[in-house]
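Count residues from 1 along the sequence.
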Amino acid sequence: MVSAELTDLRQLFDRLFPICRSITGPGIRDSLQIFSEHMDLEIHGVPTGTRVLDWTVPAEWSLERARLFGPDGEVVLDTRDSNLHVVNFSEPFSGEMDLDALQAHLFSDPTQPDAIPYVTSYYVPRWGLCLSQRQRDALKPGRYRVEIETRKDDGVLNYGVAELPGETDDVFLITSYLCHPSMANNELSGPLALLRVWEKLAALDTRKFTYRFLLIPETIGSICYLARHGQDLVERMRGGLVLTCLGGPSQTVSFKTSRRDWTGDPAPVDRLARHLASAEPDIFAVRDFTPAGGSDERQFCSPGFNLPMAQAARTTYGEYEEYHTSLDNLDFMTIRAVEASADRVMSALLSHEVFETRYRNTIPHGEPQLGRRGLYPTLNGPMTSQFSTDSEQDGRKALERLLCLLSLADGTRTLLQIAGHIGCSVRHLEPIARHLESEGILEDVSQ
């Protein structure tokens, strides 16, 4: 078992950020090994050449170094300055050519003159180098030498799995990708938030669902996992979240709903997402499912599996100009935002466990004596509550919700329906309902 103390996410970020990751090879394997120091992660491998659904597992790719030398022998580009300077999965190359011929193998973004773009070529063999538009414009005519030291070898595609058992065998799947090189929000925010959620769930005495955590290379990793475990997920999966882009400056955490919601048969995770966005629009938002963009929810929601997989993001992919560039760093992403996003995801998960529960008040004749249970003020004065902040206003609001919950908990309404009747978020009722159940004042009559 790993330590029960919360991981310092900034220190972990600093270890992970320099690693040149890809969909296979030592970069992602080393990164998974680092995560295994902080969570009970089992690392698995799928051999090169394995047929997985309609795909084939590619070879392992590794980078030693890539450089571009100018006409005077000076080093123009070096992956030791930024591992984004090489096309990810580039073929090796060593040779000289004029600038005009070299241009076909250079990649830059004129709209981001100071950014090195992130470019990949996983399934079409090619070699290439990436640089900022400003660097490219400064290249002078002449003879250039290219040295790209990469390898492609038979090996395995790696992914990591951790599981926290629950009271039921129903699985809630939480996944993120770990295959991009040195980028912050688009790459590391998701895995860092996943780790924090794992730590918080692991600290609970009980969990309703079995929580499975999956760290994978994007797309091909989820396809490999579905090829091996898709049928098990079809039979057992209650819901799921892909965690991505959770460290940016946006104020809301938004949920992209699953394909089931898109086709008119929303899963519980979809219903909760839409409720949270409606009840707390300053904190949560919702996005409709689309197969035309996104992350691994596209594979889990493919029609043959049609799993209840949603996605959680903060500042989403493609909606910030630093996306897929060297400017996606700690000047853009903050660890504080990752922590806040993980807290909101955790709160949503706890609400998901109970929001469709039907509770019944076991003491329906007269109000229960709440004072002797520490749930009602014993002085006629300023009021606080264990279910709120320390302000009197919040304390009174929490007590009002508690009393309304007791009145409406007659076994005919779900907690979500009660929240709607009261006009609050189910997140505000979740800790109250759990505590009243632990006191024997509420009982679950859902079955």
Does L327 form a side-chain contact (heavy atoms from CB on, under 4.5 Å) with F332? I'd like the steps, not just the answer.
CA-CA 7 Å; L327 299 183; F332 177 78; over 6 Å; no

Could you go through the side-chain contact (heavy atoms from CB on, under 4.5 Å) check for I28 and I216 one step at a time?
CA-CA 9 Å; I28 187 170; I216 50 179; over 6 Å; no

Please determine whether side chain to side chain donor-acceptor pair (under 3.5 Å) holds for the pair D169 and T210, giving the CA-CA distance in whole Å, both sets of side-chain angles, and the decisive distance to 0.1 Å.
CA-CA 6 Å; D169 290 333; T210 294; 4.7 Å; no

Any chance you could lay out the side chain to side chain donor-acceptor pair (under 3.5 Å) test for Q33 and S36, step after step, and finish with the verdict?
CA-CA 5 Å; Q33 190 62 48; S36 73; 3.1 Å; yes

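Nearest heavy-atom pair across A285 and T252 is CB-OG1, 4.1 Å. Listed here is the closest heavy atom pair of D114 and S132: C-CB, 3.8 Å. Taking every heavy atom of both residues into account, S278 and P281 meet most closely at O-CD, 3.6 Å. Looking at every heavy atom in both residues, N186 comes nearest to D328 through N-OD2, 2.9 Å. Looking at every heavy atom in both residues, S189 comes nearest to G247 through CB-N, 3.6 Å. Contact between L246 and A193 at its shortest, heavy atoms only, is CD1-CB, 3.8 Å.
For F107, there are no ring pair (Phe, Tyr, Trp, His ring centres under 6.0 Å) partners, not counting sequence neighbours. Under the side-chain contact (heavy atoms from CB on, under 4.5 Å) criterion, Q369 pairs with R372, R373, not counting sequence neighbours. In this structure, the ring pair (Phe, Tyr, Trp, His ring centres under 6.0 Å) partners of H324, at least two apart in sequence or on a different chain, are Y118, H180. Applying the salt bridge (charged side-chain N to carboxylate O under 4.0 Å, His left out) test to D343 and every residue at least two apart in sequence or in another chain returns K200. Partners of D288 under the salt bridge (charged side-chain N to carboxylate O under 4.0 Å, His left out) rule, at least two apart in sequence or in another chain, are R274. In this structure, E42 has no salt bridge (charged side-chain N to carboxylate O under 4.0 Å, His left out) partners at least two apart in sequence or on a different chain. Shown here are the ring pair (Phe, Tyr, Trp, His ring centres under 6.0 Å) partners of F289, two or more places apart in sequence or in another chain: W262. By the ring pair (Phe, Tyr, Trp, His ring centres under 6.0 Å) test, Y317 pairs with no residue at all, sequence neighbours left out. Taking A162 as the reference, M39, L41, W198, F213 meet the side-chain contact (heavy atoms from CB on, under 4.5 Å) condition, with sequence neighbours excluded. By the side chain to side chain donor-acceptor pair (under 3.5 Å) test, R228 pairs with Y159, sequence neighbours left out.
Side chain to side chain, E280 and S425 meet the donor-acceptor criterion of an N or O pair below 3.5 Å. Under 3.5 Å, the side chains of E218 and S295 contain a donor-acceptor pair of N or O atoms. In this structure, a donor-acceptor pair under 3.5 Å is present between the side chains of S222 and D296. Counting only N and O atoms by type, the side chains of R314 and S341 include a donor and acceptor under 3.5 Å apart. No hydrogens or angles considered: a donor-acceptor pair under 3.5 Å links the side chains of R126 and S121.
Residue pairs satisfying the salt bridge (charged side-chain N to carboxylate O under 4.0 Å, His left out) criterion with at least one member in residues 175-197, sequence neighbours excluded, are listed as follows: R21-E187, R196-E199, R196-E339. Legend: salt bridge (charged side-chain N to carboxylate O under 4.0 Å, His left out) pairs involving residues 412-423, not counting sequence neighbours, sorted by first then second residue: D410-R413.
Note that the OG atom of S258 and the CG atom of N306 stand 7.0 Å from one another [nearest 0.5 Å].
Side-chain atoms of T357 come within 3.5 Å of backbone atoms of V354 as a donor-acceptor pair (strictly under, hydrogens ignored). With N329 contributing its side chain and M183 its backbone, the two residues share no donor-acceptor pair below 3.5 Å.
For the salt bridge (Lys or Arg N to Asp or Glu O under 4.0 Å) criterion with E353, the lone passing option out of R238, R434, R427, K208 is R434.
Remark: aromatic rings of Y225 and H44 are distant, center separation not under 6.0 Å. Proximity of the aromatic rings of F300 and F305 is defined here by a centroid distance below 6.0 angstrom, and this criterion is not met.
Counting heavy atoms of neighbouring residues, nucleotides and ligands inside a 6.0 Å radius, atom CZ of R236 exceeds 12 of them.
One finds a salt bridge joining R151 and D153 here, because a Lys/Arg side-chain nitrogen approaches an Asp/Glu carboxylate oxygen to under 4.0 Å. A salt bridge does not link E297 to R259: none of the charged nitrogens lies less than 4.0 Å from a carboxylate oxygen. Using a 4.0 Å cut-off between a side-chain N of Lys or Arg and a carboxylate O of Asp or Glu, D265 and R260 do not qualify as a salt bridge. Remark: K256 does not engage D261 in a salt bridge, criterion side-chain N to carboxylate O under 4.0 Å.
By the 4.5 Å heavy-atom criterion applied to side chains, T175 and L241 are not counted as neighbours.
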